[in-house]
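Notes for the one structure printed next.
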Amino acid sequence: MKKLWDFGWGMYKKHEEGINYLIFGFLAFVLNYILYFLFADAMQMHYMAATVLSWVLTVVFAYWTNRTFVFKSQNKDTGSVVKEFVSFIGARIATEVLELVLMYVMVDMLSINDKISKLVCQVLVILANYVLSKIWIFKDNSSDVK
């Protein structure tokens with residue numbers, strides 16, 4: 001049993017960032033989807049308004065989890081944290097525009113069910129967000145810090 005644990009822990013440590021991104025990305029996806037259903041169905045919001053509102057709340061969650069658990073940002077000074085947050089928001093705005101355009105095309109132009117469209121959009125957005133976070137927002141700046 002210890003060998004299995006050691007193997008599993010070793011694999012986790014080797015791929016920690018990717019595994020953590022999948023875990024917290026999945027949690028953000030679930031949060032986004034639940035909020036979307038709450039706003040679109042329970043509160044009878046238009047699907048676009050529900051998409052934007054669920055996005056805003058999910059982005060706050062995603063920034064905190066990405067900074068803390070996934071990329072383990074070492075930025076401590078206010079200027080660096082603000083720059084990181086603004087970059088994060090900018091990237092998320094870009095992927096939200098992508099999601100809104102895709103939702104419009106799939107729902108209004110192609111008449112695909114909005115729940116199925118939301119699922120497809122979320123998969124594409126999660127992938128795009130990881131790439132942007134990895135190469136632009138939370139890139140390793142440890143060589144710059146002394």
Side-chain angles (χ1 to χ4, degrees), residues 1-43 45 47-103 105-107 110 112-146:
M1 188 66 158
K2 182 167 176 10
K3 286 184 182 184
L4 182 59
W5 173 259
D6 289 344
F7 173 76
W9 185 251
M11 290 303 289
Y12 169 75
K13 292 309 280 181
K14 183 177 180 182
H15 304 288
E16 183 175 0
E17 182 181 278
I19 291 169
N20 285 350
Y21 188 82
L22 289 174
I23 291 168
F24 289 105
F26 177 74
L27 291 175
F29 162 78
V30 169
L31 177 64
N32 189 290
Y33 222 69
I34 288 170
L35 290 171
Y36 177 78
F37 274 92
L38 175 71
F39 298 139
D41 292 345
M43 298 177 79
M45 284 185 182
Y47 79 89
M48 285 291 201
T51 296
V52 171
L53 189 53
S54 62
W55 173 82
V56 167
L57 296 173
T58 302
V59 165
V60 172
F61 172 80
Y63 175 72
W64 174 68
T65 58
N66 276 267
R67 176 180 167 69
T68 306
F69 303 110
V70 178
F71 298 103
K72 299 179 181 179
S73 175
Q74 298 301 307
N75 289 328
K76 303 275 190 257
D77 64 282
T78 304
S80 295
V81 172
V82 167
K83 181 180 176 194
E84 183 182 84
F85 183 72
V86 169
S87 296
F88 188 87
I89 296 300
R92 291 311 194 264
I93 288 171
T95 58
E96 179 60 8
V97 168
L98 172 68
E99 180 178 14
L100 289 170
V101 168
L102 290 173
M103 285 290 287
V105 168
M106 289 191 281
V107 174
L110 300 175
I112 299 171
N113 176 278
D114 66 312
K115 306 312 186 278
I116 293 169
S117 297
K118 182 72 175 170
L119 180 64
V120 170
C121 287
Q122 281 298 286
V123 169
L124 296 173
V125 164
I126 287 169
L127 291 172
N129 285 336
Y130 178 78
V131 170
L132 290 170
S133 291
K134 179 75 175 165
I135 65 173
W136 183 43
I137 301 160
F138 299 108
K139 63 183 180 273
D140 183 11
N141 292 325
S142 57
S143 60
D144 298 341
V145 179
K146 301 289 179 205

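What you see below is based on every heavy atom in this structure, not just the backbone, and it leaves out hydrogens, waters and symmetry mates. In this text the structure is predicted, and so the values were computed from the model without any measurement.
Residues S73 and E84 bring a donor and an acceptor atom of their side chains to less than 3.5 Å of each other. No hydrogens or angles considered: nothing links the side chains of Y21 and N129 as a donor-acceptor pair under 3.5 Å.
Residues K118 and S54 meet the side-chain proximity criterion, which asks for heavy atoms closer than 4.5 Å. For the pair D41/K115, a side-chain contact is recorded, criterion being any heavy-atom separation below 4.5 Å from C-beta on.
Counting non-hydrogen atoms of neighbouring residues, nucleotides and ligands closer than 6.0 angstrom, the CE atom of M48 exceeds 12 such neighbours. Residue-environment remark: NZ (K83) stays at or below the threshold of 12 foreign heavy atoms within 6.0 Å. Heavy-atom contacts from other residues, nucleotides or ligands closer than 6.0 Å to NZ of K3 number 12 or fewer.
The CG atom of N66 sits 11.5 Å away from atom NZ of K134, with the distance rounded to the nearest 0.5 Å. Put simply, CD1 on I23 and CD1 on I19 are 7.0 Å apart, with the number rounded to the nearest 0.5 Å. Distance CG/L100 to OG1/T95: 10.0 Å, rounded to 0.5 Å. Taking CD1 of I112 as the reference point, atom CG of L102 lies at 10.0 Å (rounded to 0.5 Å). Atom CD1 of residue I93 and atom CZ of residue F88 lie 11.5 Å apart, to the nearest 0.5 angstrom. Atoms CG and CG, on L53 and L38 in that order, are 9.0 Å from each other to the nearest 0.5 Å.
Under the 3.5 Å distance criterion, the side-chain polar atoms of T68 are left unmatched by any main-chain donor or acceptor of T65. Using a distance-only test at 3.5 Å, with no hydrogens or angles considered, no donor-acceptor pair links the side chain of R67 to the main chain of F85. A distance-only check finds no donor-acceptor pair linking the side chain of S133 to the backbone of Y130 [under 3.5 Å].
Classification of the F24-F61 ring pair by plane angle, with boundaries at 30° and 60°, yields tilted. Note on ring orientation: taking the six-membered ring where Trp is involved, the planes of F26 and F29 are tilted (angle from 30° to 60°).
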Problem - Verdict with supporting geometry, E17 and V70, side-chain contact (heavy atoms from CB on, under 4.5 Å) - result: CA-CA 5 Å; E17 182 181 278; V70 178; 4.1 Å; yes
Handout entry: Evaluation steps, side-chain contact (heavy atoms from CB on, under 4.5 Å), between F138 and N75
Key = CA-CA 9 Å; F138 299 108; N75 289 328; over 6 Å; no
Exercise for the section: Would you sort out whether T51 and E96 count as a side-chain contact (heavy atoms from CB on, under 4.5 Å), showing the intermediate values? Expected result: CA-CA 9 Å; T51 296; E96 179 60 8; 3.3 Å; yes
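Across all non-hydrogen atoms, the minimal contact from Q74 to K72 is NE2-O, 2.9 Å. Taking each heavy atom of V107 and S117 in turn, the nearest pair found is CG2-OG, 3.7 Å. Between A91 and L132, the shortest heavy-atom contact is CB-CD1, 3.9 Å. In this structure, L31 and L57 approach most closely via the heavy-atom pair CD2-O, 4.5 Å.
Side-chain rings of W55 and Y36 stay apart, their centers remaining 6.0 Å or farther from each other.
Of the charged side-chain nitrogens involved, at least one lies within less than 4.0 Å of a carboxylate oxygen, so that K2 and D6 count as a salt-bridged pair.
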